Amino acid sequence: MKKIIILAAVLLVVSCKKESQEPFGKTETPTEAASPTTATPVTLGKEIFEGKGACVACHKVDAKLIGPSIQDMAKTYKAQNGNLIAFLKEEAKPIMDPAQYEVMKANLAITKAMSEEELKGLEAYIYSNLK
Ligand code: HEC
């Protein structure tokens, strides 16, 4: 009988310990998950511009290629108070080179399917090249 009581006491202590440690372990997880997140809208935008957006095929940072340079985009959109996100959603007309719009228009199918976060990233990346 004594043995059973001791065993029960030990079990109680062990289970209490586990419970008190759990919240500690739980609070640790979010901080761990948050710390390696270095992705900013700009880095996300750069990643898309050079990656799945394939925008670099026609747009260079500092020189005109097939389309205007990223620096020119930033300059023009800032000067004319344009809305890059609306353009990429095909909700706003081109303000840079309407004569070449057809070439760009094909890419709007890609950008229209992007999330708001991705579009904000592209916008942030384009403006990060403002000279
Ligand atoms: C096949 C070549 C090509 C690709 C790929 C391309 N563009 Fe363009 N882009 C153009 C051309 C040509 C223009 C000039 C016509 C115009 O102004 O709409 C342009 C213009 C633009 C403009 C200025 C629009 C305006 O107001 O006139 C923005 C912003 C832009 N592109 C963003 C992007 C982004 C973001 C991507 C990647 C998702 C991309 N482009 C991919 C060819 C391309």
Side-chain angles (χ1 to χ4, degrees):
M1 190 61 187
K2 244 189 187 172
K3 263 186 190 167
I4 292 174
I5 291 169
I6 290 168
L7 197 73
V10 167
L11 279 176
L12 201 74
V13 168
V14 169
S15 61
C16 278
K17 228 184 184 175
K18 254 190 193 162
E19 251 173 54
S20 65
Q21 276 174 345
E22 227 170 72
F24 180 62
K26 266 180 194 160
T27 50
E28 236 177 6
T29 330
T31 27
E32 261 173 36
S35 54
T37 317
T38 48
T40 63
V42 173
T43 54
L44 173 71
K46 187 174 196 287
E47 216 176 277
I48 297 168
F49 206 93
E50 294 170 357
K52 74 170 186 178
C55 320
V56 280
C58 298
H59 296 286
K60 272 174 67 168
V61 171
D62 56 2
K64 185 175 161 52
L65 197 59
I66 293 167
S69 72
I70 304 175
Q71 284 174 359
D72 275 348
M73 280 179 204
K75 227 191 290 177
T76 307
Y77 268 81
K78 186 168 187 256
Q80 301 197 21
N81 205 11
N83 187 334
L84 276 167
I85 292 179
F87 173 76
L88 295 173
K89 282 179 166 175
E90 214 179 339
E91 288 168 3
K93 289 194 156 64
I95 57 174
M96 295 194 71
D97 194 356
Q100 294 290 309
Y101 180 52
E102 285 305 315
V103 183
M104 178 57 207
K105 206 175 165 186
N107 301 287
L108 298 180
I110 303 168
T111 52
K112 261 165 40 178
M114 286 180 187
S115 70
E116 202 67 23
E117 195 193 356
E118 290 174 312
L119 290 173
K120 279 190 178 144
L122 280 175
E123 182 187 47
Y125 172 60
I126 290 170
Y127 278 124
S128 76
N129 286 285
L130 197 61
K131 279 268 154 168

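Positions are given from 1, in the same order as the sequence printed here. Everything numeric in this text was worked out from a predicted model, so none of it was measured.
- When the side chains of ILVMFWY residues are joined at heavy-atom separations under 4.5 Å, either directly or via intervening members, Val61 and Met73 end up in a single hydrophobic cluster.
- A distance of 11.5 Å separates CD of Glu118 from CG of Leu88, quoted to the nearest 0.5 Å.
- Listed by first and then second residue, the side chain to side chain donor-acceptor pair (under 3.5 Å) pairs involving residues 68-91 are Lys89-Glu116, Glu90-Lys112 (not counting sequence neighbours).
- Note that the CE atom of Met114 and the CG atom of Leu108 stand 10.5 Å from one another [nearest 0.5 Å].
- Qualifying side-chain hydrogen bond (donor to acceptor under 3.5 Å, both in side chains) partners for Glu50, counting only residues two or more places apart in sequence or in other chains: Lys46.
- The hydrophobic cluster containing Val103, built from Ile/Leu/Val/Met/Phe/Trp/Tyr side-chain heavy atoms closer than 4.5 Å, also comprises Ile66.
- Pairs passing the side chain to side chain donor-acceptor pair (under 3.5 Å) check and including a residue from residues 99-110, sequence neighbours excluded, do not occur.
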Can you give me every donor-acceptor pair (side chain of residues 123-131, partner residue at least two apart or in another chain, under 3.5 Å) with its distance?
unit_1: Ser128; atom_1: OG; unit_2: Tyr125; atom_2: O; d: 2.6
unit_1: Asn129; atom_1: ND2; unit_2: Tyr125; atom_2: O; d: 2.9

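- Partners of Lys60 under the salt bridge (Lys or Arg N to Asp or Glu O under 4.0 Å) rule, at least two apart in sequence or in another chain, do not exist in this structure.
- Leu122 contributes atom CG, which lies 7.5 Å from atom CG of Leu44 (distance to the nearest 0.5 angstrom).
- Rounded to the nearest 0.5 angstrom, Thr111 OG1 and Leu84 CG are separated by 11.0 Å.
- Met96 and Val56 fall within a single hydrophobic cluster, where Ile, Leu, Val, Met, Phe, Trp and Tyr are joined by side-chain heavy atoms under 4.5 Å apart, directly or via other members.
- Side-chain atoms of His59 come within 3.5 Å of backbone N or O of Pro68 as a donor-acceptor pair.
- Residues Pro94 and Pro98 come closest through the heavy atom pair O-CG, 3.9 Å.
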